[in-house]
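Heads up: the structure comes next, in structure tokens.
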Protein chains: 2
Amino acid sequence: MGVIRKTKTVEVLLNEFNKRAVAISAKNLIKQFQTSFNKTTIYRVLDKLEEDGVLHSFLGKDGLKWYAKCKGCSASEHNDLHPHFQCLNCGKVDCLSESVKLPEIPNRKIKVSQLLIQGTCDTCYL
Amino acid sequence: MGVIRKTKTVEVLLNEFNKRAVAISAKNLIKQFQTSFNKTTIYRVLDKLEEDGVLHSFLGKDGLKWYAKCKGCSASEHNDLHPHFQCLNCGKVDCLSESVKLPEIPNRKIKVSQLLIQGTCDTCYL
DNA sequence: AATATACTGCAACGTTGTTGCATTAACAAA
DNA sequence: TTTGTTAATGCAACAACGTTGCAGTATATT
Ligand SMILES: [Zn+2]
Ligand SMILES: [Zn+2]
Ligand SMILES: [Zn+2]
Ligand SMILES: [Zn+2]
């Protein structure tokens with residue numbers, strides 16, 4: 001399907017992802033824009049933006065859904081196999097550009113992988 | 001705290017993990033034993049078994065909580081940094097003994113990591 | 001057997017996310 | 001600009017997974 005119309009919600013959410021260079025959770029966006037948009041709308045716009053290859057999603061440490069901007073993805077090809085880092089202190093989540101070398105697994109066909117690294121981020125690192 | 005009393009629930013659940021060599025989701029156990037045990041009890045026993053170093057937990061592809069037997073863990077030291085494999089066809093989840101080499105991340109302190117590999121398992125692999 | 005308390009079941013609740021449907025707004029054609 | 005099509009939205013209700021409080025029960029110790 002894909003995002004077709006340039007609505008207020010799409011504009012505002014996209015602007016948020018452009019402004020902040022980090023990943024943002026759906027929960028966070030819903031809280032931030034609760035006076036402007038309904039949570040259902042936010043979930044649906046995020047879905048569409050992911051289908052379109054504008055955002056990619058992954059699960060954070062508590063199973064919450066996070067989104068971040070894609071680099072070089074399209075609706076037909078998603079390239080989001082990079083690891084993510086979540087700070088256990090401030091909760092911030094970043095995309096890591098470093099690639100992961102997956103272990104060898106006999107007799108199995110690997111399709112996707114998600115690596116979530118947790119620890120202390122540069123800001124919280126004392 | 002730890003598991004102290006050998007109750008029926010503990011016995012049955014532990015037996016289940018010993019019988020099957022794979023990871024089991026809380027959801028699965030609740031469904032399987034819904035006539036025998038209350039879901040609250042199952043959640044609590046799993047919690048305790050994890051605290052005791054008998055089981056370790058991780059999140060599967062949908063954010064569901066999975067448990068598997070620990071090898072060489074204790075209440076004081078948990079050694080569950082191995083990756084897991086989830087079959088996209090049959091849903092089965094295994095612990096992988098292979099270790100993962102984490103990417104270098106400057107200015108951050110790594111505490112935990114969870115790697116979930118998804119694909120087709122040996123049984124479903126045609 | 002009596003006691004202390006860990007464990008259990010139940011009901012009610014919390015959070016994240018989804019669905020159905022009526023209304024509104026975006027876009028294009030007239 | 002006006003009109004018409006239909007995607008997008010808001011709302012309420014729901015669904016799934018998991019948690020909490022509390023009263024009653026079972027375990028282990030004396
Ligand atoms: Zn931080
Ligand atoms: Zn990312
Ligand atoms: Zn399989
Ligand atoms: Zn494991």
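Note: hydrogens, waters and symmetry copies are ignored here, and every other heavy atom, side chains too, is used. In what follows, chains are A, B, ... by sequence order, proteins preceding strands, each numbered from 1.
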Before accepting this row, confirm whether a basic side-chain N of the pair B:E16/B:K19 lies closer than 4.0 Å to the acidic partner's carboxylate O.
-> yes
Salt bridge present between A:K92 and A:D122 (N-O < 4.0 angstrom) = yes
Could you state whether [X] and [Y] fall into the same hydrophobic cluster, counting links through intermediate Ile, Leu, Val, Met, Phe, Trp or Tyr residues with side-chain heavy atoms under 4.5 angstrom apart?
{"X": "A:L55", "Y": "A:L96", "value": "no"}
{"X": "A:V93", "Y": "A:L46", "value": "no"}
{"X": "A:Y67", "Y": "A:I42", "value": "yes"}

Can you spot which of B:N89, B:T120, B:L88 makes a side chain to side chain contact (heavy atoms under 4.5 Å, CB included) with A:K109?
-> B:T120
Residue pair B:F85, B:C121: steps toward the side-chain contact (heavy atoms from CB on, under 4.5 Å) verdict = CA-CA 8 Å; B:F85 182 90; B:C121 79; 4.1 Å; yes
Would you say B:T41 reaches C:dG9's phosphate, i.e. side-chain N/O to OP1/OP2 under 4.0 Å?
-> yes
Report which part of the nucleic acid A:S25 touches: base, sugar-phosphate, or nothing (heavy-atom distance under 4.0 Å, all strands).
-> nothing
Find the distance between [atom1] ([X]) and [atom2] ([Y]) and round it off to the nearest 0.5 Å.
{"X": "A:Q118", "Y": "B:S113", "atom1": "CD", "atom2": "OG", "value": "8.5 Å"}
{"X": "A:N15", "Y": "A:R20", "atom1": "CG", "atom2": "CZ", "value": "11.0 Å"}
{"X": "A:I30", "Y": "A:I24", "atom1": "CD1", "atom2": "CD1", "value": "12.5 Å"}
{"X": "B:H84", "Y": "B:F58", "atom1": "NE2", "atom2": "CZ", "value": "4.0 Å"}

Tell me the interatomic distance from [X], atom [atom1], to [N], atom [atom2], rounded to whole angstroms.
{"X": "B:D47", "N": "C:dT8", "atom1": "CG", "atom2": "C1'", "value": "15 Å"}
{"X": "B:Q34", "N": "C:dG9", "atom1": "CD", "atom2": "P", "value": "13 Å"}
{"X": "B:K48", "N": "C:dA6", "atom1": "NZ", "atom2": "P", "value": "8 Å"}
{"X": "A:E11", "N": "D:dT9", "atom1": "CD", "atom2": "C1'", "value": "16 Å"}
{"X": "A:N38", "N": "D:dA12", "atom1": "CG", "atom2": "P", "value": "9 Å"}
{"X": "B:Y67", "N": "D:dC17", "atom1": "OH", "atom2": "P", "value": "14 Å"}
{"X": "A:L46", "N": "D:dA8", "atom1": "CG", "atom2": "C1'", "value": "14 Å"}

Please tabulate the protein-to-nucleotide N/O contacts below 3.5 Å involving nucleotides 14-17 of chain C, giving atom names and distances.
unit_1: C:dT16; atom_1: OP1; unit_2: A:K27; atom_2: NZ; d: 2.7
unit_1: C:dG17; atom_1: OP1; unit_2: A:K65; atom_2: N; d: 3.0
unit_1: C:dG17; atom_1: OP2; unit_2: A:Y43; atom_2: OH; d: 3.0
unit_1: C:dG17; atom_1: O5'; unit_2: A:Y43; atom_2: OH; d: 3.4
unit_1: C:dG17; atom_1: N7; unit_2: A:K39; atom_2: NZ; d: 3.4
unit_1: C:dG17; atom_1: O6; unit_2: A:K39; atom_2: NZ; d: 2.9

Anything under 3.5 Å between a protein N or O and an N or O of nucleotides 20-22 of chain C, put it in a table, one pair a line.
none

Got a list of protein N/O to nucleotides 26-30 of chain C N/O distances below 3.5 Å?
unit_1: C:dA26; atom_1: N3; unit_2: A:R5; atom_2: NH1; d: 3.2
unit_1: C:dC27; atom_1: OP1; unit_2: A:K6; atom_2: N; d: 2.8

